2 protein chains.
Amino acid sequence: MKLSLSPAQTGIGYDKNCPMRDVLDCIGDRWSLLVLAYLSAGTLRFTELKRAIGDISQRMLSQTLRSLERDGYLSRHAYPTVPPKVEYTLTALGTSLLERVEPLLLWANENHAKVLKAREAYVPPPAAAPL
Amino acid sequence: MKLSLSPAQTGIGYDKNCPMRDVLDCIGDRWSLLVLAYLSAGTLRFTELKRAIGDISQRMLSQTLRSLERDGYLSRHAYPTVPPKVEYTLTALGTSLLERVEPLLLWANENHAKVLKAREAYVPPPAAAPL
DNA sequence: CTGTATCCAGCAGGATACTG
DNA sequence: CAGTATCCTGCTGGATACAG
C-alpha cells in the first residue's frame with residue numbers, strides 16, 4: 001500500500017520553506033490544538049478558556065492565543081468596557097484546519113489501544129541485534 | 001459550523017489518559033512524522049533514512065525510530081551480517097496513521113499562503129486594546 | 001553500518017508578581 | 001478581567017566520542 005505523501009512528491013522536509021513543517025510546528029505545540037478544539041464549540045472569553053482547559057497557565061494561554069490569532073486561525077474581539085471583555089472565535093481558516101485534524105483525532109481514539117498494546121509487548125533490541 | 005470534536009464530546013484534554021494527546025505527543029515531535037513519511041515510499045535502512053532526511057542527527061534518528069517501533073508504527077528487521085544491516089518498514093498501524101495525516105499535510109500545503117498572509121497583516125493588540 | 005553514552009546549549013513553559 | 005514581565009527549571013535535541 002503506497003501513500004502519496006512521500007517527501008519527493010510532497011516536498012516535506014525540515015526546511016523553513018516547507019509549508020507543512022511550518023504549519024505543523026505552529027499547531028503541534030502543547031496547547032494550540034487544544035485551544036482550537038475548545039473554540040470549535042463557539043466563542044469563548046479568555047477566562048472561560050482558561051477555566052475550561054484547566055491546567056494551562058495564563059502565560060501560555062495568552063501566548064498561544066496570540067500565535068493562533070497571528071496565523072489567522074482565530075479572531076480576537078475586545079470590548080472597551082470596565083472590566084475588559086475579550087472574545088475569541090475561530091475563523092474560517094481555523095475551522096477548516098480543525099476539520100482536517102478531526103479524522104486524526106478520531107483515529108487516535110480508535111487506535112490508542114493498539115498503541116498501548118504495542119508498547120506493552122515491546123522489547124528493545126539488544127544494541128546491534130545478535131543472532 | 002459546528003465540529004464534532006468539542007472536548008466535551010471527544011474527551012480531548014491534557015490528561016495522560018487522553019488517547020489523542022498521547023498519540024499526538026508521540027508523533028508531534030520534531031522528527032516522527034518526517035520519518036514515517038519517508039518510509040511511506042517503502043523499506044529503508046538506517047543510513048538511507050539519515051541521508052534522505054539530511055539534517056537529522058544520528059542520535060535523534062535512532063531515538064525516533066525506537067519510539068516509533070515501540071508504539072507499533074514501524075517494524076525493525078536486523079540482519080546478522082558484517083557490517084550490520086537494519087531495515088525499517090511501516091506497519092499496518094503506521095500506514096493507517098499516515099493516511100489520516102495526509103489530508104492535514106495537503107491542507108497545510110494548500111493553505112500555507114493564507115497563513116503567511118495573515119502573519120504579514122497581523123498587528124499585535126496594544127495590551128488591553130484601547131477604543 | 002548501526003547504533004549508544006555523554007555533555008551541553010537553547011527554549012518551551014510553569015510560578016509568581018504586577019498593570020490597565 | 002485580561003493580560004505582560006521576570007525568573008527559573010526541565011526537556012529537546014545537537015555535537016561528539018565510542019562500541020559491536
Side-chain angles (χ1 to χ4, degrees), chain A residues 14 16 21 24-35 38-39 43-70 74-89 123-131, chain B residues 14 16 21 24-35 38-39 43-70 74-89 123-131:
Chain A
Y14 216 83
K16 262 305 166 200
R21 276 285 151 179
L24 256 37
D25 276 355
C26 289
I27 63 164
D29 70 316
R30 194 178 176 96
W31 301 111
S32 292
L33 272 183
L34 199 53
V35 168
Y38 273 96
L39 285 178
T43 296
L44 286 177
R45 298 177 58 175
F46 187 90
T47 304
E48 289 173 336
L49 262 172
K50 173 145 177 46
R51 191 158 27 80
I53 298 180
D55 56 346
I56 190 175
S57 66
Q58 214 169 29
R59 177 192 143 92
M60 288 317 295
L61 179 55
S62 174
Q63 193 170 304
T64 302
L65 286 169
R66 280 290 174 282
S67 162
L68 293 174
E69 187 198 0
R70 198 182 89 106
L74 56 80
S75 62
R76 189 187 107 112
H77 187 57
Y79 298 87
T81 58
V82 175
K85 172 178 175 180
V86 181
E87 289 182 340
Y88 293 92
T89 314
V123 181
L131 167 67
Chain B
Y14 215 85
K16 262 305 164 202
R21 276 284 150 180
L24 255 37
D25 276 354
C26 288
I27 63 163
D29 71 318
R30 195 178 176 94
W31 301 111
S32 292
L33 272 182
L34 199 52
V35 168
Y38 272 97
L39 284 178
T43 296
L44 285 178
R45 298 178 58 177
F46 187 88
T47 305
E48 289 173 337
L49 264 172
K50 172 145 178 45
R51 191 160 27 80
I53 299 180
D55 56 346
I56 189 175
S57 66
Q58 214 168 30
R59 176 186 197 265
M60 288 318 294
L61 179 55
S62 173
Q63 193 169 303
T64 302
L65 286 169
R66 282 287 174 284
S67 161
L68 293 174
E69 186 197 1
R70 198 182 88 107
L74 56 80
S75 61
R76 190 188 106 114
H77 187 57
Y79 299 88
T81 58
V82 175
K85 172 179 174 180
V86 181
E87 289 181 341
Y88 294 92
T89 314
V123 180
L131 168 65

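Values in this document were obtained by computation on a predicted structure and should not be read as measured data. Every chain is numbered from 1, with letters handed out A, B, ... down the list of sequences.
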Worksheet item: Between dG3(C) atom P and Met60(B) atom CE, what is the distance in whole Å?
Response: 15 Å
Response to the item:
Smallest heavy-atom separation, Tyr88(A) atom then Leu39(A) atom, equals O-CD2, 3.4 Å
Worksheet item: If you look at every heavy atom in Arg45(A) and Pro84(A), which pair is closest and at what distance?
Response: NH2-O, 3.6 Å
Response to the item:
Leu44(A) atom CG is separated from dA2(D) atom C1', nearest whole Å, by 15 Å
Item to complete: Taking only the side-chain nitrogens and oxygens of Ser57(A), find out if one of them lies under 4.0 Å from OP1 or OP2 of dG13(C).
Response: no
Worksheet entry | Length of the line joining Leu61(B):CG and dT12(D):P, which is rounded to integer Å | 17 Å
Worksheet item: Do you know the tightest heavy-atom contact between Trp31(B) and Asp55(B)?
Response: CH2-O, 3.5 Å
Discussion item. For dT4(D) and Ser62(A) - does any side-chain N or O of the residue sit under 4.0 Å from the phosphate oxygens OP1/OP2?
Written reply: yes
Practice prompt. Report yes if at least one side-chain N or O of Arg45(B) is closer than 4.0 Å to OP1 or OP2 of dG3(C); otherwise report no.
Written response: no
Discussion item. Classify Gln58(B) by what it touches in the nucleic acid, base, sugar-phosphate, or nothing, heavy-atom distance under 4.0 Å.
Written reply: base
Is there any protein nitrogen or oxygen under 3.5 Å from a nitrogen or oxygen in nucleotides 6-9 of chain D, and what are the pairs?
{"from": "dT6(D)", "atom 1": "O4", "to": "Arg59(A)", "atom 2": "NH1", "distance (Å)": "3.4"}

Worksheet entry | Nearest non-hydrogen partners of Asp29(B) and Ser32(B), listed with the distance | OD1-OG, 2.5 Å
Discussion item. For the residue pair Tyr79(A) / Glu87(A), report whether a side-chain donor-acceptor contact shorter than 3.5 Å exists.
Written reply: yes
Worksheet item: Between Arg76(A) (CZ) and dA2(D) (C1'), how many Å, whole number?
Response: 8 Å
Worksheet item: Given atom CD1 of Ile56(A) and atom P of dA12(C), what is their separation to the nearest angstrom?
Response: 15 Å
Worksheet item: What is the distance, rounded to the nearest whole Å, between atom CG of Asp55(A) and atom P of dG13(C)?
Response: 12 Å
Practice prompt. Between Glu87(A) and Gln63(B), just flag the one whose closest nucleotide in DNA chain D comes earlier from the 5' side.
Written response: Glu87(A)
Discussion item. Between Thr81(B) and dC1(C), is there a contact of a side-chain N or O with OP1 or OP2 at under 4.0 Å?
Written reply: no
Worksheet item: Is any side-chain N or O of Tyr88(A) closer than 4.0 Å to OP1 or OP2 of dC1(D)?
Response: no
Discussion item. Testing the basics here: between Lys50(A) and Gln58(A), what is the closest heavy-atom pair and its distance to 0.1 Å?
Written reply: CE-N, 4.0 Å
Discussion item. Rounded to whole Å, please give me the gap between CD in Glu48(A) and C1' in dG3(D).
Written reply: 16 Å
Worksheet item: So His77(A) and Val86(A), side-chain contact (heavy atoms from CB on, under 4.5 Å) or not? Walk me through it.
Response: CA-CA 6 Å; His77(A) 187 57; Val86(A) 181; over 6 Å; no
Discussion item. On the nucleotide dG14(D), are OP1 or OP2 found under 4.0 Å from the side-chain N or O atoms that Arg30(B) carries?
Written reply: yes
Fill in: Rounded distance (Å) that lies between atom P of dG3(C) and atom NZ of Lys85(B)
13 Å
Discussion item. Among dC1(C), dT4(C), dG20(C), which nucleotide has an atom closest to any side-chain atom of Pro84(A)?
Written reply: dG20(C)
